[in-house]
Amino acid sequence: MIEKQMKKVDVTSKVDGKLESGAMNLYMDDARIGKIIMTNQGNQYEMAEGFEFDSNKVYRYENSHPEKQEKYVDDCDLGWC
């Protein structure tokens, strides 16, 4: 198995926020990637897997070697790959 090397990419400029049900939901390409819950004790950040909120920026972890991605199938004996 090939070990994946992940890099942290700033995607803040691609993120939109929508205030919904008392929280700021974060979207990128129409997919919800997290939310900010505003409380009296401060903001709480919940991000989807592969995303991080740090120092007022949104980051996505990406494969730094896309040419080395693992195959999604091992055998092509079914004729659909």
Side-chain angles (χ1 to χ4, degrees):
M1 184 161 104
I2 299 172
E3 183 179 323
K4 293 183 181 180
Q5 298 293 324
M6 303 301 281
K7 66 179 177 177
K8 188 174 172 180
V9 178
D10 183 354
V11 295
T12 306
S13 64
K14 298 177 183 178
V15 175
D16 293 315
K18 295 179 185 175
L19 190 57
E20 301 168 330
S21 302
M24 178 69 68
N25 287 311
L26 303 175
Y27 293 88
M28 190 169 95
D29 297 329
D30 295 325
R32 188 167 164 260
I33 62 164
K35 69 179 175 180
I36 303 170
I37 302 167
M38 296 158 242
T39 69
N40 291 338
Q41 291 79 30
N43 295 339
Q44 299 174 10
Y45 304 93
E46 295 178 8
M47 301 303 292
E49 185 176 338
F51 290 90
E52 178 182 354
F53 189 90
D54 184 33
S55 301
N56 293 318
K57 292 188 180 282
V58 178
Y59 296 94
R60 177 174 60 191
Y61 287 92
E62 297 179 352
N63 185 353
S64 62
H65 300 289
E67 68 280 358
K68 293 184 180 179
Q69 284 183 339
E70 293 181 40
K71 299 182 292 184
Y72 69 96
V73 293
D74 289 325
D75 297 315
C76 291
D77 59 347
L78 298 176
W80 48 265
C81 55

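Hydrogens, waters and symmetry mates are skipped; everything else that's a heavy atom, side chains included, is used.
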NZ/NE/NH1/NH2 to OD/OE distance under 4.0 Å, Glu62 and Arg60: yes
Stepwise side chain to side chain contact (heavy atoms under 4.5 Å, CB included) check, Met24 with Leu26: CA-CA 6 Å; Met24 178 69 68; Leu26 303 175; 4.2 Å; yes
Any donor-acceptor pair under 3.5 Å from Ser55 side chain to Lys57 backbone: no
Closest non-hydrogen atom pair, Phe53 against Met47: N-CG, 3.9 Å
NZ (Lys14) with more than 12 external heavy atoms under 6.0 Å: no
ILVMFWY cluster membership beyond Tyr27 - transitive side-chain contacts under 4.5 angstrom: none
Gap separating the CG atom of Asn63 from the CD atom of Gln5, nearest 0.5 angstrom: 8.5 Å
Intermediate values then yes/no, side chain to side chain contact (heavy atoms under 4.5 Å, CB included), Val58 and Met28: CA-CA 10 Å; Val58 178; Met28 190 169 95; over 6 Å; no
Verdict with supporting geometry, Glu46 and Lys35, side chain to side chain contact (heavy atoms under 4.5 Å, CB included): CA-CA 5 Å; Glu46 295 178 8; Lys35 69 179 175 180; 3.0 Å; yes
Atom pair CD1 (Ile37) and OH (Tyr45), whose distance is rounded to the nearest 0.5 Å: 11.0 Å
Under 3.5 Å: donor-acceptor pair, side chain of Asp29, backbone of Ala31: no
Gap separating the CD1 atom of Ile33 from the CG atom of Asp16, nearest 0.5 angstrom: 9.5 Å
CA sep, side-chain torsions, deciding dist, call: Leu19, Met38, side chain to side chain contact (heavy atoms under 4.5 Å, CB included): CA-CA 11 Å; Leu19 190 57; Met38 296 158 242; 4.0 Å; yes
